[in-house]
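Below: one structure, written as structure tokens.
Computed from a predicted structure; not experimentally measured. Throughout, a chain's letter reflects where its sequence line sits, starting with A, and its residues are numbered from 1.
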Amino acid sequence: MATARAVRLTVNGAPYEGHVEPRTTLVDFLRGELGLTGTHVGCEHGVCGACTILLGGQAVRSCLMLAVQADGADLMTVEGLSPEGQLHPIQEAFMEAHGLQCGFCTPGFLMSVYELLEHNQNPSDEEIRQSLGGQICRCTGYQAILGSVRLAAGKLQRARTAGEAR
Amino acid sequence: MKPPPFDYVDPSTVGEAVSLLKQHEGEAKILAGGQSLMPLLNMRLARPGLLIDLNKVAELTYIREADGGLAIGAMTRERAVERSALVESHQPLLHWATRFIGHPQIRNRGTIGGSLAHADPAAEYPAIAVALDAELRAVGCDGDRTIKASDFFVTYLTSALEPTEVLTEIRLPALAERSGWSFMEVARRQGDFALAGVALTLTLESGGECSAARIVLFGVGPTPIRARQTEQVLIGEKPGEKLLEQAGQKAGEEIDEPLSDIHASAEYRRHLAQVLTRRALAEAVTRVGEAD
């Protein structure tokens, strides 16, 4: 039973398959087996948030899940935010508002922000802090990240309005 | 920082899980939300031979009314508790306290049963369970039994569950009429484990005297601590400012040997217990009758 098991799942809309020992964490599976290295490994005990991905639309720590638990799951990672060569409005906002420097924490932030803005289109500063309090950044001092989230909310709001106007 | 090798099974029923626990007694460990166990595995502080994953046991996820109170399945995610209109109306103390558990990403996976079974004395749910006089249902090979929350937490990270038992449900009785509640904790950063906290309920007679109180301190000892002497200060009296001062004082004194560690000294924990108890009592008084 410690032998490799097949894991079949959907990531960013595409089907993937791998074979791993039960002890392989989901983040190591995504990076090592599937080559999706956008998700980063930080503390490996759930406190830094660098490994955050979306499982069925919910932000989770992929370092605290086993790959075998994701069999049959529908995941979204940072690679799924936009097609190759383009940026999602949230990514644009982070770029414009200097929400990243080294970028190591950024994929985790982006996935948490994505979940936040899916459920709350106009979050208050307090709501943004509550949602992102579990993501650690060493570079920015966080203020620029708050600004990026506000900017992203505005961009998504405008895109929605433009879409409705058509 | 990678888990040691282990075998893994993901049963679909409680019965299967219990059989597996019995079959592999001593070697098996239940995996629920993983937000406490996975860090232990990643740091190799735990080395179970077999992991029994409950995430496919659908029968353990529910929130429903039961005998005027609530019954919550052990695998119910903390985030579901947080978002439940039923919990908000029936158990506002549980609902409010849930937001203090870690961060949303933790609550998306963490489960109420997992939190209780893990029995971290600085966690929110164990204290809430004691404050609300909850009953916990455990299923083993010989059948099921009900364990009162006050008997459930034995010491650090140790519950009254037998190694071959699965926690399946928590039952929370309805608050009595003319009751108020409060929950407060102090942590260095939002989402950290509490340095100290209090969860309490109290009931006032129509004349204003306190007829019942359950005051639970957490983060200050090896389990949630029922501050019985502090409760006695209140019973039969009208909760005015001076009385609440006395109650707070008693709460600070009542803790046997407050935990002293790198996060806070025993002295500071006593002080926090005192201040938080006084403030929480005042808040609970303002809430009396809100839920009626």
> Looking at B:Gln35, B:Arg79, B:His103, B:Met43, which one has more heavy-atom pairs under 4.5 Å with chain A than the rest?
Replying inline: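 It is B:His103.
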> If you measure only the distance, is there a donor-acceptor pair under 3.5 Å linking the side chains of A:Ser124 and A:Glu127?
Replying inline: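 Indeed, the side chains of A:Ser124 and A:Glu127 share at least one donor-acceptor pair under 3.5 Å.
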> What about A:His88 and A:Tyr114, are their ring centers closer than 6.0 Å?
Replying inline: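 Aromatic pair counts; centres sit under 6.0 Å.
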> For the rings on B:Tyr125 and B:Phe100, is their centre-to-centre separation under 6.0 Å?
Replying inline: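 No, the ring centres sit 6.0 Å or more apart.
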> Run the salt bridge (charged side-chain N to carboxylate O under 4.0 Å, His left out) check on A:Arg5 and B:Asp10 step by step: do they pass?
Replying inline: CA-CA 12 Å; A:Arg5 285 164 70 115; B:Asp10 51 348; 3.7 Å; yes
> Of the backbone (N, CA, C, O) and the side chain (C-beta and beyond), which part of B:Leu31 lies under 4.5 Å from a heavy atom of chain A, both, or neither?
Replying inline: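 Side chain only.
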> With a 4.5 angstrom heavy-atom cut-off, which part of B:Leu40 approaches chain A: side chain, backbone, both or neither?
Replying inline: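 Looking at B:Leu40, nothing touches chain A.
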[X] versus chain B, the contacting section by heavy-atom distance below 4.5 Å:
X: A:Gln69; answer: both
X: A:Leu116; answer: neither
X: A:Gln130; answer: both

> Does any pair with a residue in residues 22-69 of chain A pass ring-ring contact (aromatic ring centres under 6.0 Å, His included), and if so which ones, sequence neighbours excluded?
Replying inline: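 For residues 22-69 of chain A, and leaving out neighbouring residues, the ring-ring contact (aromatic ring centres under 6.0 Å, His included) pairs sorted by first residue read A:His40-A:Phe104.
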